[in-house]
Amino acid sequence: MTTLSRPPADPSAPRPGAGEHFRNWLLFGLQDAKGIHQGPGAVSDSHLKKHSWWQVMCLTGVDYFSTLGYQPAIAALAAGVISPLATLVLVAVTLLGALPVYRRVAGESPRGEGSIAMLERLLPRWGGKLLVLVLLGFAATDFMITMTLSAADATAHALENPFAPAWMQGQNVAVTLFLLALLAAVFLRGFKEAIGVAVVLVGIYLGLNVVVVITTIIEVLQHPVAVDNWWLALTTQHGSPLMVVGIALLVFPKLALGLSGFETGVAVMPQIRGHATDTEENPQGRIKGARRLLTTAALIMSAFLVTTSFTTVVLIPAQEFQPGGQANGRALAYLAHEYLGNGFGTVYDLSTIAILWFAGASAMAGLLNLVPRYLPRYGMAPEWARAVRPLVLVFTLVGFLITWLFDADVDAQGGAYATGVLVLMTSAAIAVTLSARSHRQRKRSIGFGIIAVVFIYTTVANIFERPEGIRIAAFFIIGIIVISLLSRIRRSFELHATHVRMDTPALEFLAANESGPIAIIAHEPLRLTAQAYLDKLTSAIEVSHLPLDSQALFLEVVVDDSSDFETALEVRGVSRHGYQILEVHGPVVPNTIASVLLHIRDVTGLMPHIYFRWTEGNPFTNLLRFLAFGEGEIAPVTREVLREAEPDVTRRPWVHVG
């Protein structure tokens, strides 16, 4: 006996054309409205393979670890001989501040929502939605600038190589656009390829850095005079130890780029393979893997930052860190050429170029997990935004535009990058502080509160130091808010229900009518007296010609949060003053009524007829009430929602207005 997994294809059916094949490929992984889309990192196992935590660490690590390419030089330029101490402050903030914060964030948002979801739960309704849109603006600033800045920096390293062909000189924009297109191609192929490339790049890059660090430490030990000169300069320039510590704290915000990577580490959590016993409600294996990822990455980066900040300042002349110097923006590459030869130095350059280019992969992964999680659910993006590949194309085009506007200039984008990173980390610190307080964890709430204050100080100091960052972020925020609100208005006449369920009494009310049609009277849930129901029934009979012998049901929609879009509808059957009532909670009255009517038609096979009275008030004011509060002009909007949802007029529920 043979069992087929699916019915055989009909030979007479027309084969899909090239356009249909392309559409299916483009929208692969698109989730319907009946399930919660978790971004491309959480598509079911039948579509996407999960990975070990250390492999996913490499995906987020291409952003975090690639900062070694420029962080030691930035520290030396900003702090001079005091940069090793300023880096110790950075490492302390990383291990004692950012790491505990994001370990808690990972535990409270295992689906990769991050601190944004935690804050969303604290602020309901439109205030929460607006906060999410603002934070998404900063996240877009962080992730998009990560993509463009890293690609531009990789281009700069490539063009500065002595072996680069002459025709490439001055082609920074063209080469950066090519690298961004190449990155998009990797993601269009799928996350499996992206993670595989990240593992190779990170493994090679960290291995080469270990060689450089060990070599330079041996060089320092063999030349103690260099250490003595550094110590003498430190004590001579800054005097007392308290002055040294104070200066280190003041210059620390300039090194904030070394904190990047934590937000993307949480965003790609759905990629992590958990335990076999994990459930969506309690994915303890995934959480444990994410915490290992965050801790391991922070320890690796901290070790590199401490050692490299010391060896670079001791071994590299101060003038080489200045603009135009050979170590400007590439301190470790300078040491690789100086102490390991040009052959090894060239290999190190190539590895640095590759990981800088691919640093955008972690940013792309973060965007692909954040955007589908919020905007489509809010009705603030088209349905295709739930799929991976269309978003990859959109983000790539935005990256092209940013590269063109900033002429692939790394320095011009640095302020926006640091601002986006620090605002997200500050929001995370505030979120876990409020979470600890809500759980009555006094000591933890105090500790996280202190961390939040540190990040607020760092963010404010960075904004005053580089105000162009907040200006660039403002464009992203305004763009996201405007596009989101326009999309919400455009989708206002769609059905919002992810599913409709009726309890037993509600089904019994409907089963009493065996021949149809099913008469339903729309009723305001604020008027629950027996006289109110009688008046509404009498009005339907006299004005809308409801048959006298009709067993009419009342339908009441209770508006909970009008800012919500996608909602599961639970219809309850209740009896009140002898009348049978279908009660349902929803975000918008007309759309909820339309969803219930279509469900009744499908469940019973009978045509529902709904009876309304005209709403008093100015039509324009009622339209605004509908958009903002889910109420307003109920009858005509219900009819319009039904018209868009059911194009066949013979199958469309009837709307009566009197």
Side-chain angles (χ1 to χ4, degrees), residues 64-65 67-100 209 212-214 216-221 223-262 298-322 325 327-332 334-335 414 418 421-422 425 450-451 453-462 464-466:
Y64 195 22
F65 300 144
T67 58
L68 287 171
Y70 48 81
Q71 182 69 19
I74 291 176
L77 188 61
V81 293
I82 208 173
S83 67
L85 299 181
T87 301
L88 285 177
V89 177
L90 176 69
V91 169
V93 172
T94 298
L95 298 180
L96 303 179
L99 181 58
N209 275 286
V212 173
V213 168
I214 292 176
T216 53
I217 289 177
I218 293 174
E219 190 68 26
V220 168
L221 294 176
H223 297 82
V225 176
V227 179
D228 293 338
N229 292 336
W230 167 74
W231 182 254
L232 179 62
L234 179 65
T235 55
T236 301
Q237 293 179 19
H238 304 293
S240 68
L242 288 178
M243 181 65 70
V244 171
V245 173
I247 295 175
L249 291 173
L250 289 175
V251 301
F252 148 70
K254 297 181 180 180
L255 315 184
L257 290 181
L259 292 168
S260 65
F262 282 97
L299 290 173
I300 290 174
M301 191 63 179
S302 297
F304 275 117
L305 287 175
V306 170
T307 53
T308 57
S309 67
F310 178 69
T311 57
T312 51
V313 168
V314 171
L315 296 177
I316 301 176
Q319 65 271 16
E320 296 295 344
F321 291 111
Q322 300 301 318
N328 180 249
R330 52 187 301 274
L332 294 182
Y334 176 93
L335 292 177
V421 169
L422 289 172
M425 299 192 84
I450 294 172
I451 295 171
V453 171
V454 172
F455 279 121
I456 290 172
Y457 157 72
T458 308
T459 304
V460 173
N462 178 268
F464 277 101
E465 180 75 20
R466 305 194 67 175

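The heavy-atom pair separating A298 from S302 by the smallest distance is O-OG, 2.7 Å. L332 and V212 get closest at one heavy-atom pair: O-CG1, 4.2 Å. Of all the heavy atoms in Y64 and M301, the pair that sits closest is O-CE, 3.3 Å. Pairing each heavy atom of F321 with each of A331, the nearest pair is CE2-CB, 4.0 Å.
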Show every donor-acceptor pair shorter than 3.5 Å between a side-chain atom in residues 303-316 and any protein atom, with sequence neighbours excluded, or say none if there are none.
unit_1, atom_1, unit_2, atom_2, d
T307, OG1, A303, O, 2.9
T307, OG1, F304, O, 3.1
T308, OG1, F304, O, 2.6
T308, OG1, L305, O, 3.4
S309, OG, L305, O, 3.0
S309, OG, V306, O, 3.0
T311, OG1, T307, O, 3.2
T311, OG1, T308, O, 3.4
T312, OG1, T308, O, 2.6
T312, OG1, S309, O, 3.3

Anything under 3.5 Å between a donor and an acceptor, one on a side chain of residues 75-90, the other on a protein residue two or more places apart or in another chain? List them.
unit_1, atom_1, unit_2, atom_2, d
S83, OG, G80, O, 3.2
T87, OG1, S83, O, 2.8

>> For a side-chain contact (heavy atoms from CB on, under 4.5 Å) check, start with the C-alpha distance between L299 and L95, then their side-chain angles and the critical distance, and finish with the verdict.
In response: CA-CA 8 Å; L299 290 173; L95 298 180; 4.1 Å; yes

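Q319 is linked by a side-chain hydrogen bond (donor to acceptor under 3.5 Å, both in side chains) to nothing, counting only residues two or more places apart in sequence or in another chain. Considering only residues two or more places apart in sequence or on other chains, Y334 meets the ring-ring contact (aromatic ring centres under 6.0 Å, His included) condition with none of them. Under the side-chain hydrogen bond (donor to acceptor under 3.5 Å, both in side chains) criterion, T459 pairs with T426, not counting sequence neighbours.
Separating the CG atom in L221 from the OG1 atom in T216 is a distance of 9.5 Å, to the nearest 0.5 Å.
Judged by distance alone, the side chain of N462 and the main-chain N or O of T458 form no donor-acceptor pair under 3.5 Å.
Using a 4.5 Å heavy-atom cutoff, the side chains of V421 and F262 are not in contact.
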